[in-house]
Amino acid sequence: MPLRSLHAAAVLLLVVLKEQPSSPAPLNGSKWTYIGPDGEKSWSKTYPSCGGLLQSPIDLHNDILRYNASLGPLAFQGYNQSASPQFVLTNNGHSVKVKLPKDMQVRGLGARYNASQLHLHWGDKNDPHGSEHTVGGKHFAAELHIVYYNSDRYPNDSVAKDKPEGLAVVAVLIEVGSSNPAYDKIFDHLKAVKYKEVFIPGFSIEELLPERPEEYYRYRGSLTTPPCYPTVLWTVFRNPVQISQEQLMKLETDLYCTHMDDPSPREMVNNFRQVQKFDERLVYVSFQQGKEMWCVGSVVPRCLFRMKSGALPLGIVTHALRRWVKSTLAAMGARCVRSY
């Protein structure tokens, strides 16, 4: 073929390629989605851990909850950031993410954990129940996750994410109610990251936390997105924060999980994983939950010990013992939660 013909063919090929509709992958380069052929039912085909043990999120219900008096308040360091330095706000194709400075730390987890990022999960305007964790089967409107890595063991989150005790996530449940100015410091910039990332003014992350943060659920689980590594120490705050209906609507309508030039744009909605099986695990809580008796192991010795230590009032223990006497001896040695 003459040189001139080769040149013309090359030019024609470039023109054809340029005219093809663009449909790039999400910004993080992965193909997984929450629904459809690449939805969560298919995750384990590409990411084996997603079909394995210790998966998250879970339903936090009475049968698996155990009070642990040794769970103390968490200490948050470096949370009160000023407007400078700025944060990077990113649409990664699956959620909106804020990259956090490494000098933000959480203490009280048995090791030092440095901040990595925070992100959110939510539903859609027709079914605004998009929290990942549920409490007694109840979904909340949305959920905030603050992700940390174990800096005593690992140099960064990329190294830590698939390692033992590598990550910790602090989760905030979000319900609809009063407007929350702290969350506007993220939500007001969502349209600017409809398809990309931007710099936003720094702000106090502590303002995003709920009242009484010393009350929380604690368990060992996994990342809730692929690759679903079972390396996460979860802390889910008991008390939700409130945002307004208008604020929630911004989450549900301002973001897209496709790029600007995609011929089939898709809104970013329902980006939450379904609750997972919780076989043979316990969730420990830092609070005592009303008129309930919490037992682990042999029923009578455990409850008598807790009465002696002051963890349970005499009246509750007396009532529990009466019920135990009426039950079969097989109940001894079993895990239990008894309401009265």
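Scope of the values below: all heavy atoms of this structure, side chains included, with no hydrogens, waters or symmetry mates.
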Looking at every non-hydrogen atom in both residues, tell me the closest pair between F87 and P101 and how far apart they are. CE2-CD, 3.6 Å
Under a plain distance cut-off of 3.5 Å, with no hydrogens placed, do H61 and D59 share a side-chain donor-acceptor pair? yes
Going through the distances and angles, do Q105 and F76 end up as a side chain to side chain contact (heavy atoms under 4.5 Å, CB included)? CA-CA 6 Å; Q105 299 177 359; F76 301 100; over 6 Å; no
Could you measure the distance from the CG atom of L255 to the NZ atom of K194? Nearest 0.5 Å is fine. 8.5 Å
Do the side chain of Q276 and the main chain of Q274 share a donor and acceptor less than 3.5 angstrom apart? yes
Could you check whether any side-chain heavy atom of V96 comes within less than 4.5 Å of a side-chain heavy atom of L190, counting everything from C-beta outward? yes
With ring pair (Phe, Tyr, Trp, His ring centres under 6.0 Å) as the criterion, how do F287 and Y217 come out once you've worked through the C-alpha distance, each side chain's angles and the decisive distance to 0.1 Å? CA-CA 9 Å; F287 55 90; Y217 306 90; 5.5 Å; yes
Please check this pair: side chain of Q55 against backbone of S49, looking for a donor-acceptor N/O pair closer than 3.5 Å. yes
In short, V269 meets E252 closest at the heavy-atom pair CG1-O, 3.3 Å
V170 to F237 - nearest heavy-atom pair and separation: CG1-CE1, 3.1 Å
Could you tell me if N92 and H94 have a donor-acceptor pair between their side chains, going purely by distance under 3.5 Å? no
Applying the 4.5 Å side-chain criterion to the ILVMFWY set and letting contacts propagate, would L53 and L233 be lumped into a single cluster? no
Please check: side-chain N/O of S95 versus main-chain N/O of K97, any donor-acceptor pairing under 3.5 Å? no
Do S286 side-chain atoms and Y216 backbone N/O form a donor-acceptor pair below 3.5 Å? yes
Can you confirm whether F278 sits close enough to D63 that some side-chain heavy atom of one is under 4.5 Å from a side-chain heavy atom of the other? no
Taking the ring of F272 and the ring of H139, is the distance between their centroids below 6.0 Å? yes
Under a 3.5 Å cutoff, is there a donor and acceptor pairing between the side chains of S151 and R112? yes
Could you tell me if the side chain of R238 sits less than 4.5 Å from the side chain of L60, heavy atoms only? no
Nearest 0.5 Å, what's the CZ-OH distance between R220 and Y284? 10.5 Å
Spatial distance of atom CD (E143) from atom NE2 (H133) [nearest 0.5 Å]: 6.0 Å
Just by distance, no angles: are the side chains of D184 and Q247 close enough, under 3.5 Å, to form a donor-acceptor pair? yes
Using only atom types and a distance under 3.5 Å, with no angle test, would you say the side chain of T231 pairs donor to acceptor with the backbone of K161? yes
Before you tell me yes or no, could you show the steps for W234 and H145 under ring pair (Phe, Tyr, Trp, His ring centres under 6.0 Å), namely the whole-Å CA-CA distance, both residues' side-chain angles and the distance that decides it to 0.1 Å? CA-CA 10 Å; W234 279 93; H145 292 165; 5.0 Å; yes
Are side-chain heavy atoms of Y113 and M104 found at a separation under 4.5 Å? no
So, the side chain of S56 versus the backbone of S222: is there a donor-acceptor pair under 3.5 Å, distance only? yes
Separation between CG of L65 and CD of Q288, rounded to the nearest 0.5 Å: 13.0 Å
Residues R266 and T258: side-chain donor-acceptor under 3.5 angstrom: no
P210, P240, P213 screened by side chain to side chain contact (heavy atoms under 4.5 Å, CB included) with V172, the one that passes: P210
Within the 4.5 Å heavy-atom criterion, are Q242 and V176 side-chain neighbours or not? no
Verify the neighbour count for atom NZ of K191: are there more than 12 heavy atoms of other residues, nucleotides or ligands below 6.0 Å? no
Going by heavy atoms in the side chains, are E175 and P128 under 4.5 Å from each other? no
Taking V193's backbone N and O only, do any of them form a donor-acceptor pair with N91's side chain (distance below 3.5 Å, no angle check)? yes
Please report the shortest heavy-atom distance between N156 and V159, naming the atom on each side. OD1-N, 2.9 Å
Is there a path of hydrophobic side-chain contacts, each under 4.5 Å between heavy atoms, that joins Y219 and L167? yes
Return yes if some donor-acceptor pair links the side-chain N/O of R281 with the main-chain N/O of K277 below 3.5 Å, else return no. yes
Would you say F187 and L248 make side-chain contact, with heavy atoms under 4.5 Å? no
Close side-chain approach of I186 and L89, heavy atoms under 4.5 Å: yes
For the atom pair OG1 (T90) and NZ (K196), what is the distance rounded to the nearest 0.5 Å? 12.0 Å
Same hydrophobic cluster for I200 and L118, using side-chain heavy-atom links shorter than 4.5 Å among ILVMFWY? yes
Hey, is the main chain of W122 close enough, under 3.5 Å, to the side chain of N271 for a donor-acceptor pair? yes
Hey, quick one: are V98 and V106 part of the same hydrophobic cluster, counting side-chain heavy atoms closer than 4.5 Å, chains of contacts allowed? yes
Between CG on residue N114 and CG on residue D157, distance to nearest 0.5 Å: 10.5 Å
ILVMFWY network linking I58 to L54, side-chain heavy atoms under 4.5 angstrom: no
Would E40 and C50 count as a side chain to side chain contact (heavy atoms under 4.5 Å, CB included) if you check the C-alpha gap in whole Å, the side-chain angles of each, and the deciding distance to 0.1 Å? CA-CA 9 Å; E40 62 175 288; C50 296; over 6 Å; no
Under 6.0 Å from the ring centre and within 45 degrees of the ring axis: does the NZ or CZ of K45 meet both conditions for the six-membered ring of Y47? no
What's the verdict on side chain to side chain contact (heavy atoms under 4.5 Å, CB included) for W32 and W43, showing C-alpha distance, side-chain angles and the deciding distance? CA-CA 7 Å; W32 62 267; W43 289 356; 3.7 Å; yes
Correct closest heavy-atom pair for S131 and A142 would be CB-O, 3.6 Å
Report the C-alpha separation of L120 and L251 in whole Å, then their side-chain angles, then the decisive distance to 0.1 Å, and conclude whether the side chain to side chain contact (heavy atoms under 4.5 Å, CB included) test is met. CA-CA 9 Å; L120 294 108; L251 268 180; 4.2 Å; yes
Any donor and acceptor pair, going by atom type alone, linking the side chain of K185 with main-chain N or O of P181 inside 3.5 Å? no
N239 and E215 side chains, donor-acceptor separation under 3.5 Å: yes
Could you pull out the closest heavy-atom pair between Y149 and A115, with the gap in Å? CE2-O, 4.1 Å
